[in-house]
Structure formats: structure tokens, C-alpha cells
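In what follows, a structure is listed as C-alpha cells, so that the remarks can point back to it.
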Protein chains: 2
Amino acid sequence: MQDGTSLSPGYPGDTVRGDAYAADCPTRRLLDRVGDKWSVLILLLLGDSPRRFSELKRCIAGVSQKMLSQTLRSLERDGLVTREVDGSVPIKVVYRVTPLGRELLGALRQMIDWAETRMGAVAAAQARYDARGETAAEMVALPG
Amino acid sequence: MQDGTSLSPGYPGDTVRGDAYAADCPTRRLLDRVGDKWSVLILLLLGDSPRRFSELKRCIAGVSQKMLSQTLRSLERDGLVTREVDGSVPIKVVYRVTPLGRELLGALRQMIDWAETRMGAVAAAQARYDARGETAAEMVALPG
DNA sequence: CTGTATCCAAAGGGATACTG
DNA sequence: CAGTATCCCTTTGGATACAG
């Protein structure tokens with residue numbers, strides 16, 4: 001794989017801003033980070049209120065200790081959450097969203113709302129598509 | 001609205017409504033679909049104007065024929081793009097965003113804008129984080 | 001309690017070859 | 001032109017064990 005930055009469409013009539021659609025455009029880089037299995041879930045939870053590691057673990061159904069830790073480390077590295085270690089044994093760690101993280105959460109708001117209101121429509125479209133496929137298969141198996 | 005926003009957990013007792021952050025919430029399902037390597041890029045391109053397969057292939061640096069085809073099929077199945085086959089050899093196929101797809105694009109707008117203006121801040125945060133790590137490593141290697 | 005390290009299975013995705 | 005099929009390497013992420 002190449003770096004993908006090149007891109008020189010210059011197609012007649014297309015208004016594409018050159019690098020806007022490169023494989024490493026900002027949008028792609030963001031999705032590479034928060035498009036994983038747990039990041040947005042964690043961000044939402046922390047946006048709600050600061051939480052300790054074990055609380056997050058309990059709140060998020062199905063997350064493994066490894067992935068929770070790993071994802072939190074990534075979010076911290078990206079400047080989206082902070083990590084505060086409290087005292088000694090038994091150690092307590094509190095995670096909070098940073099202003100940058102809260103900003104991102106705001107930018108994700110519309111997408112989240114869309115998902116909640118429209119993923120039903122997507123599911124319906126999938127059902128129609130799959131039904132069409134099955135019908136076609138039947139027509140081949142049982143031609144008129 | 002819904003599940004992701006208005007929960008009121010008082011900190012310690014965590015009042016989180018169980019399934020609100022389940023791994024299969026609408027947001028997670030959406031990200032499972034458009035969080036992949038090419039979906040949003042393709043959607044953005046088609047939102048700009050309808051395009052043929054080969055145009056998309058040329059516009060998107062680094063995409064393989066397999067992944068372009070596969071991603072378009074998914075988007076079509078989800079009701080986000082349409083596929084129109086034009087005539088005979090050499091065959092031509094035009095893809096367009098559907099109203100639902102355009103709606104999603106609108107919902108992604110803020111996220112995209114945030115990415116374009118703030119991913120620099122994220123990169124900076126990463127640099128700081130990594131520098132801290134290296135410094136710590138040096139301090140271990142070369143203690144006082 | 002909050003992690004890290006290791007092992008392993010499954011999914012993602014690129015290269016290539018082939019088809020209508 | 002617009003795909004599909006195959007091979008295969010890489011990445012993701014769960015389970016488990018261990019540690020401060």
C-alpha cells in the first residue's frame with residue numbers, strides 16, 4: 001500500500017478538492033481512531049460524568065479489560081480524556097473527557113442522533129435488499 | 001432523545017440504564033458500517049456528484065477494486081447509495097447517494113468539520129504524550 | 001483495583017487472476 | 001468496463017494469566 005496522498009483525479013467537472021478525499025484525510029484519520037469498537041461508547045459515558053476504570057468496565061457490556069485499558073490509553077494519548085491516579089492501594093483511577101474530547105462529542109451529536117432515529121431505516125433497507133436477492137435466487141431455481 | 005445523551009447518573013452509584021451503552025446501540029451499529037476504511041470517503045464523493053465505478057476508483061487513492069466493489073455493495077444494501085446499470089458493452093454503472101445517504105452526510109458534517117479543524121490538535125496531543133513517554137524512558141535509563 | 005503480557009481466532013483488506 | 005473469486009498477510013480484539 002502506498003501512502004495514498006497523491007490523488008490527481010482532475011476528472012472533467014468534478015469539484016473535488018484534491019486531497020480532501022485522500023485515504024489519509026482528517027476524516028479518515030478521525031474514523032481510524034474513533035471508529036473502533038469501544039472509543040465512542042467510552043467517550044459518551046465519560047461525557048456524562050467522570051468514571052473509574054471499574055465503573056466503565058461494568059457499564060459497557062462485553063468490553064474486555066484489555067480493550068478497555070487499551071482504548072482509554074489511546075483516548076488519553078489523543079488528548080480526548082485525562083487519567084488521574086488516586087492514592088495508594090487499592091489504587092483508584094478516574095477518567096474524564098477533556099475540553100477537546102467534549103468538543104468532539106458535540107461534533108458527533110448529530111451523527112449519534114441520526115443513528116438513533118434512522119438506523120431503523122437502514123435495517124429496513126437491508127431487509128429489502130436481502131429479500132430481493134432471495135427472490136432472484138428463487139427465480140433462477142424456479143424459472144417461470 | 002434517547003439513549004446516548006440524557007442519562008443522569010450520579011457519580012458513584014452509576015445509574016446507567018443498562019443497555020444504553022450496549023455494544024449494539026445504534027451508534028455502534030452505524031460506526032460498524034461507516035467506520036471502515038472507505039465508506040465515508042465514497043459517500044462524500046458521491047454526495048458531491050453521481051459517479052461511475054471507474055471514476056470512484058480513480059478519485060480514491062489506494063482503494064482496491066475488491067474493496068471499492070465490496071463497499072459500494074454494502075452502501076447499496078444499507079439504502080445509502082443506488083446503483084444504476086447503463087446499457088451493454090462496455091457496461092457503465094452509475095452510483096448516487098439516496099436521500100437517506102444525503103441525510104447521513106448532513107449528520108456527519110459537523111464531525112468532518114471537526115476533524116478538519118481539530119485533528120491537528122489531536123496530533124499535537126499525541127506528540128506530547130509520546131514525548132512524555134520517551135522522557136520517562138530516558139529518566140529510567142539515565143537516572144539522575 | 002488497575003493494569004500489562006501472551007496467545008490465538010476471526011475479521012479486514014490488498015494483489016492477482018478470471019469473467020460477462 | 002465492472003465486477004467476482006482466491007490467496008494470504010495484517011490487524012483487531014477476546015481469554016487468560018500475571019503484577020504493582
Side-chain angles (χ1 to χ4, degrees), chain A residues 1-4 11 23-24 28-29 31-42 46 50-77 81-96 133 136-137 140, chain B residues 11-12 14 22-24 28-29 31-42 45-46 50-77 81-96 133 136-137 140:
Chain A
M1 71 169 126
Q2 73 284 49
D3 63 1
Y11 192 69
D24 66 339
R28 184 86 283 289
R29 290 207 311 276
L31 286 173
D32 275 341
R33 273 299 301 109
V34 303
D36 63 16
K37 205 166 177 180
W38 306 110
S39 288
V40 172
L41 247 34
I42 293 173
L46 294 181
R51 280 186 165 81
R52 291 179 43 194
F53 186 88
S54 51
E55 293 181 73
L56 289 169
K57 181 93 170 59
R58 258 180 300 114
C59 289
I60 303 177
V63 71
S64 66
Q65 200 164 25
K66 169 189 167 183
M67 288 315 298
L68 181 55
S69 178
Q70 184 173 305
T71 305
L72 284 166
R73 210 65 59 243
S74 286
L75 293 172
E76 186 193 0
R77 176 168 182 263
V81 312
T82 60
R83 175 176 181 272
E84 289 171 41
V85 183
D86 162 23
S88 52
V89 186
I91 196 176
K92 293 180 187 179
V93 180
V94 177
Y95 292 92
R96 307 172 190 276
V140 171
Chain B
Y11 175 38
D14 56 85
D24 67 339
R28 185 83 286 286
R29 292 208 309 277
L31 287 172
D32 275 340
R33 273 299 300 111
V34 304
D36 63 16
K37 204 166 178 180
W38 306 109
S39 288
V40 172
L41 247 33
I42 292 173
L45 226 30
L46 294 181
R51 281 186 165 80
R52 292 179 43 192
F53 187 88
S54 51
E55 293 181 73
L56 290 169
K57 181 95 172 59
R58 258 181 301 113
C59 290
I60 302 176
V63 72
S64 66
Q65 201 165 23
K66 170 189 167 182
M67 288 314 299
L68 181 54
S69 179
Q70 184 173 305
T71 305
L72 284 167
R73 209 64 60 242
S74 285
L75 293 172
E76 186 193 2
R77 177 169 182 264
V81 313
T82 60
R83 174 175 182 273
E84 287 171 44
V85 182
D86 162 22
S88 52
V89 186
I91 196 176
K92 294 180 185 179
V93 179
V94 177
Y95 292 92
R96 306 172 192 276
V140 170

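Protein chains get the first letters and strands the later ones, always in sequence-line order, with residue 1 at the start of each.
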Do the side-chain N or O atoms of R83(B) get closer than 4.0 angstrom to the phosphate oxygens (OP1, OP2) of dA2(D)?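 No, no such contact exists.
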
Are any of R52(B)'s side-chain N or O atoms less than 4.0 Å away from OP1 or OP2 of dA2(D)?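 Answer yes for this pair, as a side-chain N or O of R52(B) is under 4.0 Å from OP1 or OP2.
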
Closer than 3.5 angstrom, by distance alone: can the side chain of R51(A) be matched with the main-chain N or O of Y95(A) as a donor-acceptor pair?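 Not a single qualifying donor-acceptor pair exists.
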
Donor-acceptor check, side chain of R96(A) to backbone of L46(A), threshold 3.5 angstrom: yes or no?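 Side chain of R96(A) to backbone of L46(A), a donor-acceptor pair under 3.5 Å: no, none is there.
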
Once rounded to the nearest 0.5 Å, what's the spacing between atom CZ of R58(B) and atom CZ of R52(B)?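 Output value for this atom pair is 8.5 Å.
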
Gap separating the CE atom of M67(B) from the OG atom of S69(B), nearest 0.5 angstrom: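 That separation rounds to 9.5 Å.
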
Length of the line joining [X]:[atom1] and [N]:[atom2], which is rounded to integer Å:
X      : N       : atom1 : atom2 : answer
L56(B) : dC1(D)  : CG    : P     : 13 Å
R73(B) : dG13(C) : CZ    : C1'   : 17 Å
L72(B) : dT4(D)  : CG    : C1'   : 14 Å
E76(B) : dG3(D)  : CD    : C1'   : 13 Å
F53(B) : dT4(D)  : CZ    : C1'   : 11 Å
D32(B) : dT12(D) : CG    : P     : 14 Å
E84(B) : dA2(D)  : CD    : P     : 13 Å

When you check every protein heavy atom under 4.0 Å of nucleotides 13-20 of chain D, what one-letter string (B, S, -) results, 5' to 3'? BBB----B

Flag side-chain contact, heavy atom, 4.5 Å: K92(A) against E84(A):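 Answer no - side chains too far apart.
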
List the steps, then state whether salt bridge (charged side-chain N to carboxylate O under 4.0 Å, His left out) holds for R73(B) with E76(B). CA-CA 5 Å; R73(B) 209 64 60 242; E76(B) 186 193 2; 3.6 Å; yes

Candidate nucleotides dG3(D), dC1(C), dG3(C), ranked by approach to the side chain of V93(B) - the nearest: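 It is dG3(D).
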
